[in-house]
Enquirer: 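First the structure, then my questions, so here it is.
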Amino acid sequence: MYKLQPLFKSVGETPHPSCVYKMKKISDHFNNKVTDGTDCNTEDNATSNNCEVEQLEKRWTEITSRLQRLQSELAAIKTGSSSGLSSFIDAGPAPPLTVKALAVQQDLLVLRISSLMTSLFELKSRLAVMDDPQERSFQDLVIHASPSNPPHSLPLLRERMEKLGVSVYARTHVHSAVAGNKLLNDTLKSFISSDSRLERSQARMAITLIWIKAGDGEEPSLIVSPSSQAAAINGEANIVRYLARYVPGLLDYEDQPLKATQIDQFLDLTESTAPLGCRGSKRDRAATLQSLDNTLSSRKSLEESSNEVGLVDFVVYSALVNSCTEKDIGKNIRAWMDRCRSTVKQATAPSNSKRSILENYLTELGIAFRTLEHPAVFTVAAMMEHISHLAGFHAKNLLVKDKKTGKLYLITARHDAAIQLSQVSKMIGAKELRFADVETLEATLGVQQGSVTPFALLNDAQQQLVTFVLDGQLWDETNGKDSYLNFHPLTNEATTSITVAGFKTFLKATGHDPIIIQV
């Protein structure tokens, strides 16, 4: 009906370039050499990464070659052949192979293969993070949990991921519906947090924990990318499984099927309706606790190949804390839970946070102090290089245990005093004093080796498990300029000076009346 003029009367041909733009390939490590002939010592980040990947892949090739050779030798042992045992038999006539010799060689091979498999897994993890674009993608995780059922493994998960090179931006929020919940103490309000200097845009993963109002025994849930995911991942065990698959190295979950099966057996016990779950049967729980106690009688971790508590231990620990009472558990489980608890303290309270807690405590008591920061020190000699100019006494500290009674003593004396434990035993009426192990130190005083200090008695204020033994010269207020005492503030990266009078106020507040000795 109508005829309109065209919008464009003529359209000329526009030449199209063969390439709109060019950028440097980020996958040059797949080639035989780095592009442009750039040397590995250049400061260019991309080229440096390429060189590092090449070195890792070279190492991978070496390890796989050794692994294949060892597997051939192991097969030779199993078939009774001596031709493939080049790694263990010197040149010359081959000695007769006895059953005992074969068994020894087989054990050695198995150990070497296990070590090589571990090295391969670590290399795979590093290559995955460096090479796979998917591994570089940003993960936005939101976890909903009830204050009555906290996911105690979460702080340790964050800490382990950061050690594996995954930058984590973590924050804790409280929903308005539970803002007045009596269970929400200061610990839960700051349950998980990352370095305050890290911005969200700089992180590879963001974890937001939100305390919500939920029914009794309701499990925590995880939403991955809240804008797109429809269904939540429910249960602390399943949250750990997800993160273990996303971050290689957390659990060795995919590369070791036997170990993964053993891990799953423990994780399955923590589901809400399982024996260790909040809604589990009491009869089944009692039987499972007995079995668990027997298992922990011969090892320190639920992961059979490790002596340190790990993520599997923490998921089970979390389930026990949320569903069991003290009287339900045996002595082996109790000792294992103490190890887990000390690790929780380390994961949730970094050194600078521990120091802040102490300084706030001293401030509340009206005690004046000053703190000098210095590099981490692990010996008295190393410490004196940084603090010898400070006025007052410098101290050394020993946590010891009475071999007969198991009673714990913290001995604090001048840094240059000679301490003979046999003499101190007689002075304080102990039978025989031995140094306490690291686990006991962390469980009672909440500090690590190198950071032992009388200020750590703050962490023993409730339980009163440690008796304080003090060098008499550190108790005398008439020493003039030497009336100052210098101790680590729960971290060996600083030293805090305090007066003797202020120290006496601190000890009175923590409930530790010292035994004074002359050394």
Enquirer: May I ask you to check whether over 12 heavy atoms, not counting those of Glu373, lie within 6.0 Å of atom CD?
Expert: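 It does not: Glu373 CD has 12 such atoms or fewer within range.
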Enquirer: Run the side-chain contact (heavy atoms from CB on, under 4.5 Å) check on Asp476 and Val500 step by step: do they pass?
Expert: CA-CA 7 Å; Asp476 189 355; Val500 174; over 6 Å; no
Enquirer: Kindly confirm or rule out a cation-pi arrangement of Arg355 over Phe455, judged by NZ or CZ under 6.0 Å from the six-membered ring centre and within 45° of its axis?
Expert: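 No, Arg355 does not sit over the ring of Phe455.
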Enquirer: Nearest heavy-atom pair of Pro220 and Ile143: which atoms, and what distance?
Expert: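 Shortest heavy-atom separation between Pro220 and Ile143 comes out as CB-CG2, 4.5 Å.
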Enquirer: I'd like to know if the side chain of Thr172 reaches the main chain of Ile192, judged simply by a donor and an acceptor atom lying under 3.5 Å from each other, with no hydrogens or angles considered.
Expert: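 Pair found, side chain donor or acceptor close to backbone of Ile192.
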Enquirer: What closest approach, in Å, do His152 and Phe314 show between heavy atoms, and which atom pair accounts for it?
Expert: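 Minimum heavy-atom separation between His152 and Phe314: O-CD2, 3.8 Å.
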Enquirer: Got a salt bridge between Glu162 and Arg160, using NZ or NE/NH1/NH2 to carboxylate O under 4.0 Å?
Expert: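 A salt bridge is absent here (no side-chain N lies under 4.0 Å from a carboxylate O).
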Enquirer: Between Trp211 (side chain) and His175 (backbone), is there a donor-acceptor pair under 3.5 Å?
Expert: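 No: the side chain of Trp211 does not pair with the backbone of His175.
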Enquirer: Using 30° and 60° as the class boundaries, would you call the ring planes of His415 and His394 parallel, tilted or perpendicular?
Expert: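 Correct class here is perpendicular.
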Enquirer: ring-ring contact (aromatic ring centres under 6.0 Å, His included), that's the test. Do Phe503 and Phe487 meet it? Break it down for me.
Expert: CA-CA 10 Å; Phe503 186 50; Phe487 307 127; 5.1 Å; yes
Enquirer: Looking only at atom types and distance, does a side-chain atom of Ser323 sit under 3.5 Å from a main-chain N or O of Ala319, one as donor and one as acceptor?
Expert: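 Yes; judged by distance alone, with no hydrogens or angles, the pair exists.
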Enquirer: Nearest heavy-atom pair of Leu250 and Leu157: which atoms, and what distance?
Expert: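 Between these two residues, the closest heavy atoms are CD1-CD2, 4.1 Å.
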Enquirer: Roughly how far apart are Leu209 CG and Arg158 CZ, rounded to 0.5 Å?
Expert: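 If I round to the nearest 0.5 Å, the distance is 12.0 Å.
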Enquirer: Would a 4.5 Å heavy-atom cut-off, applied to side chains only, mark Gln139 and Tyr246 as touching?
Expert: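 In short, these two side chains touch, coming nearer than 4.5 Å.
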Enquirer: Distance from Glu236 atom CD to Ile239 atom CD1, nearest 0.5 Å?
Expert: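 Answer for the CD-CD1 pair, Glu236 versus Ile239, is 7.0 Å.
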Enquirer: Can you see which heavy atom on Pro489 is nearest to which on Ala494, and at what distance?
Expert: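 The answer is CD-O, 3.0 Å.
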Enquirer: Looking just at side-chain N and O atoms, do Asp328 and Thr325 make a donor-acceptor pair shorter than 3.5 Å?
Expert: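 Per modelled atom types, Asp328 and Thr325 side chains form a pair under 3.5 Å.
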Enquirer: Are Ser291 and Asn294 linked by a side-chain donor-acceptor pair shorter than 3.5 Å?
Expert: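 Asn294 and Ser291 do not have a side-chain donor-acceptor pair below 3.5 Å.
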Enquirer: Roughly how far, to the nearest 0.5 Å, is CD of Gln448 from CG of Leu441?
Expert: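 So the gap between those two atoms works out to 8.5 Å.
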Enquirer: Less than 4.5 Å apart, any side-chain heavy atom of Arg285 and any of Leu276?
Expert: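 The answer is yes; the side chains approach within 4.5 Å.
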Enquirer: Are Val178 and Ile212 packed together at the side-chain level, in the sense that at least one heavy-atom pair is separated by less than 4.5 angstrom?
Expert: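 Val178 does not reach Ile212 side chain to side chain.
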Enquirer: Compare all side-chain heavy atoms of Tyr409 with those of Val466 and state whether any distance is below 4.5 angstrom.
Expert: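 In short, these two side chains do not touch, never coming nearer than 4.5 Å.
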Enquirer: Indicate yes or no: at least one non-hydrogen side-chain atom of Glu442 is less than 4.5 angstrom from one of Val447.
Expert: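 Side chain of Glu442 against side chain of Val447, heavy atoms only: no contact under 4.5 Å found.
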Enquirer: Given 3.5 Å as the limit, does a donor-acceptor pair link the side chain of Arg299 with the main chain of Ser301, or not?
Expert: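 Yes: the side chain of Arg299 pairs with the backbone of Ser301.
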Enquirer: Under the side chain to side chain donor-acceptor pair (under 3.5 Å) rule, what do Ser318 and Ser153 come out as? Steps first, then yes or no, please.
Expert: CA-CA 7 Å; Ser318 182; Ser153 63; 5.7 Å; no
Enquirer: Please report the C-alpha distance between Leu269 and Leu292 in whole Å, then the side-chain angles of each, then the deciding distance to 0.1 Å, and finally whether the side-chain contact (heavy atoms from CB on, under 4.5 Å) criterion is met.
Expert: CA-CA 11 Å; Leu269 295 174; Leu292 193 63; 5.6 Å; no
Enquirer: So, Asp471 side chain and Thr412 main chain: donor-acceptor pair closer than 3.5 Å or not?
Expert: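 Absent.
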Enquirer: Would you mind listing every salt bridge (Lys or Arg N to Asp or Glu O under 4.0 Å) that reaches into residues 508-519, with sequence neighbours excluded?
Expert: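 Found none.
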Enquirer: Under a 4.5 Å cut-off applied to non-hydrogen side-chain atoms, are Leu398 and Leu410 in contact?
Expert: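 The answer is no, as the side chains (C-beta and beyond) never meet within the 4.5 Å cut-off.
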Enquirer: Kindly indicate whether the side chain of Asn492, heavy atoms from C-beta on, has any atom under 4.5 Å from the side chain of Thr453.
Expert: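 No. Closest side-chain heavy atoms not under 4.5 Å.
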Enquirer: Does any non-hydrogen side-chain atom of Ile207 lie less than 4.5 Å from one of Tyr169?
Expert: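 With C-beta onward as the side chain, the pair stays apart.
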Enquirer: Just verifying a value: how many Å separate Met337 CE and Tyr317 OH, rounded to the nearest 0.5 Å?
Expert: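 Reported to 0.5 Å precision, the distance equals 5.5 Å.
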Enquirer: So does Pro150 get a backbone contact from the side chain of Asn322, meaning a donor-acceptor N/O pair under 3.5 Å?
Expert: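 Here the side-chain-to-backbone pair exists.
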Enquirer: Crowded around Lys504 NZ? As in, over 12 foreign heavy atoms under 6.0 Å?
Expert: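 Yes, because the 6.0 Å sphere around NZ of Lys504 holds more than 12 heavy atoms from other groups.
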Enquirer: Working to the nearest 0.5 angstrom, can you tell me the gap between Ile498 CD1 and Leu485 CG?
Expert: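 Ile498 atom CD1 to Leu485 atom CG measures 7.5 Å (nearest 0.5 Å).
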Enquirer: Nearest heavy-atom pair of Tyr484 and Arg370: which atoms, and what distance?
Expert: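 The answer is CE2-NH1, 3.8 Å.
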Enquirer: Which heavy atom of Lys407 sits nearest a heavy atom of Thr467, and at what distance?
Expert: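 Result for this residue pair: CE-OG1, 3.1 Å.
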Enquirer: With no hydrogens and no angle check, just 3.5 Å: does a side-chain donor-acceptor pair link Ser497 and Asn486?
Expert: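 Side-chain D/A pair, Ser497 to Asn486: present.
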Enquirer: Donor-acceptor pair, Asp402 side chain versus Ala430 backbone, under 3.5 Å?
Expert: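 The answer is no, because no donor-acceptor pair under 3.5 Å joins these two groups.
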Enquirer: Show the numbers, then the answer: is there a side chain to side chain donor-acceptor pair (under 3.5 Å) between Thr440 and Asp437?
Expert: CA-CA 5 Å; Thr440 301; Asp437 56 36; 2.7 Å; yes
Enquirer: If you look only at pairs with a residue in residues 383-401, which of them pass as a salt bridge (Lys or Arg N to Asp or Glu O under 4.0 Å), with sequence neighbours excluded?
Expert: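 Counting only pairs at least two positions apart or across chains, no salt bridge (Lys or Arg N to Asp or Glu O under 4.0 Å) contact touches residues 383-401.
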Enquirer: Does a donor on one side chain and an acceptor on the other come within less than 3.5 Å for His488 and Thr496?
Expert: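 Their side chains do not contain a donor-acceptor pair, so the 3.5 Å distance test is not met.
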Enquirer: For side-chain contact (heavy atoms from CB on, under 4.5 Å), just list the numbers for Leu296 and Leu302, CA-CA rounded to whole Å, side-chain angles, deciding distance to a tenth of an Å, and then say yes or no.
Expert: CA-CA 7 Å; Leu296 291 169; Leu302 294 179; 3.8 Å; yes
Enquirer: Quick one: pull up CG in Asn397 and OG in Ser451 and give me the separation to the nearest 0.5 Å.
Expert: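 Result: 10.5 Å between the selected atoms.
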Enquirer: Would you check if the side chain of Asn459 reaches a backbone N or O of Leu445 as a donor-acceptor pair within less than 3.5 Å?
Expert: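 At least one qualifying donor-acceptor pair exists.
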Enquirer: Would you find a donor on one side and an acceptor on the other, under 3.5 Å apart, between the side chain of Arg171 and the backbone of Ile210?
Expert: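 Not a single qualifying donor-acceptor pair exists.
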Enquirer: Quick one: do Arg241 and Leu267 satisfy side-chain contact (heavy atoms from CB on, under 4.5 Å)? Show the steps, please.
Expert: CA-CA 9 Å; Arg241 285 186 176 106; Leu267 294 182; 3.5 Å; yes
Enquirer: Other residues, nucleotides and ligands only: do more than 12 of their heavy atoms fall within 6.0 Å of CZ on Phe435?
Expert: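 Counting other residues, nucleotides and ligands, CZ of Phe435 stays at 12 neighbours or fewer.
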Enquirer: Taking Phe266's backbone N and O only, do any of them form a donor-acceptor pair with Thr270's side chain (distance below 3.5 Å, no angle check)?
Expert: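 Checking the backbone N and O of Phe266 against the side chain of Thr270, no donor-acceptor pair under 3.5 Å is found.
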Enquirer: Assess whether atom CD of Gln464 is packed by more than 12 heavy atoms of other residues, nucleotides or ligands within 6.0 Å.
Expert: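 It does: Gln464 CD has more than 12 such atoms within range.
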Enquirer: Give the table of side-chain donor-acceptor pairs shorter than 3.5 Å for residues 360-369, with sequence neighbours excluded, one pair per line with atom names and distance.
Expert:
unit_1, atom_1, unit_2, atom_2, d
Asn360, ND2, Ser356, O, 3.2
Thr363, OG1, Glu359, O, 2.8

